[in-house]
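This report refers to the structure that appears directly beneath it.
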Amino acid sequence: MNWKELEQRAHVPYSKVPKACVIESSSGSFYPGVRIENVSFPLTMPAIQVACCLCLADGETPKSVHISNAYALEQFDFWVNEFNLSVVESPKIEAIIFESPTLSVNSSEVKPTLIALLDKAITTNSDFPVSALLFCKEGVVPGVNIEVSDWTKGLCGERVAISKAISYGLTDFDSMSLHTLKGEFSSPCGACRQVIHEHMPDNEINFYHADGTLSTHYTSDLLPFSFTSKSLAK
């Protein structure tokens, strides 16, 4: 894979400006991140935020960030300072190998898998772990919520799963399941509903609640009268 191929995975229907980077963990694993825009612009996920959160959600610690020459990335300074990242300007990334992001999960394993994933959530601020499984044509992509020193730079479990799938080139989404350890009702926040709606406008989503019950909904019902506009694209 080269930079152009990685950048082509970016979801940039509004700016038309694809951006990408690669995070290397302290153990030597690599995590791709691409810019993922949202019709609600403040919910756009910068490439380095995505890559760092994917690394952290895998139980790894970011060590360095690989960028192409003279690359301008949003939130760059924050993440470099947050983890004291080494910055590596890599004109070529052909030698970098990305492990598969998918799990093999059958229907009877969904809830146990969601419960096990909760241990990987980083909830320094909220102490409210959330896990998610995004079912794609190619397999099941996991996600957990990630919190860092700046509350606004973290990502919810649902958005970690979606951004992971997109960064790895997976775009054929079927359904999503999520679970929270605490609270009476497992449900995506408003920001996640906006992002989910953009990528899964009429798909099934299953809520595994803390009290042991399960409810099934359609993503289109989670955000009625959601904001959309073709006028935003350049």
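Counting begins at 1 with the first residue of the sequence.
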Strictly by modelled atom types, are [X] and [Y] linked by a side-chain donor-acceptor pair under 3.5 Å?
X    : Y    : result
N38  : S40  : no
T216 : N206 : yes
S27  : E60  : yes
R193 : S187 : yes
S86  : S64  : no

- Over all atoms of both residues, closest heavy-atom pair of I146 and C53: CG1-O, 3.9 Å

Please work out which of the three classes, parallel, tilted or perpendicular, describes the rings of [Y] and [X], given edges at 30° and 60°.
X    : Y    : answer
F185 : F207 : perpendicular
F173 : H199 : tilted
W79  : F83  : parallel

- Any chain of hydrophobic side-chain contacts (each under 4.5 Å) joining V80 to V22? yes

- Item | Residue pair V141 / Y168, side-chain heavy-atom distance below 4.5 Å | no

Whether [X] side chain and [Y] backbone form a donor-acceptor pair below 3.5 Å:
X    : Y    : value
E5   : N2   : yes
K16  : P13  : yes
E147 : N125 : yes
W3   : A20  : no
S186 : T180 : yes
R9   : S167 : yes

Atom [atom1] of [X] and atom [atom2] of [Y]: how far apart are they, to the nearest 0.5 Å?
X    : Y    : atom1 : atom2 : answer
H209 : H179 : NE2   : NE2   : 10.5 Å
Q49  : S163 : CD    : OG    : 8.0 Å
L118 : T113 : CG    : OG1   : 11.0 Å

- Please collect all side chain to side chain donor-acceptor pair (under 3.5 Å) contacts where either partner lies in residues 149-161, sequence neighbours excluded, each pair once. E82-S149, D150-T152, D150-K153

- Item | Sole candidate of V50, I48, V34 that passes side chain to side chain contact (heavy atoms under 4.5 Å, CB included) when paired with C21 | I48

- Message: Take a 6.0 Å sphere around CD of E99 and say whether it holds more than 12 heavy atoms from other residues, nucleotides or ligands.
- Response: no

- Any chance you could lay out the side-chain hydrogen bond (donor to acceptor under 3.5 Å, both in side chains) test for N203 and T219, step after step, and finish with the verdict? CA-CA 5 Å; N203 299 64; T219 54; 4.5 Å; no

- Task: Go through the steps to decide whether F135 and S177 satisfy the test side chain to side chain contact (heavy atoms under 4.5 Å, CB included), and finish with yes or no.
- Result: CA-CA 8 Å; F135 291 79; S177 294; 3.7 Å; yes

- Query: Does F128 have any ring pair (Phe, Tyr, Trp, His ring centres under 6.0 Å) partners at least two apart in sequence or in another chain, and if so, which?
  - Reply: none

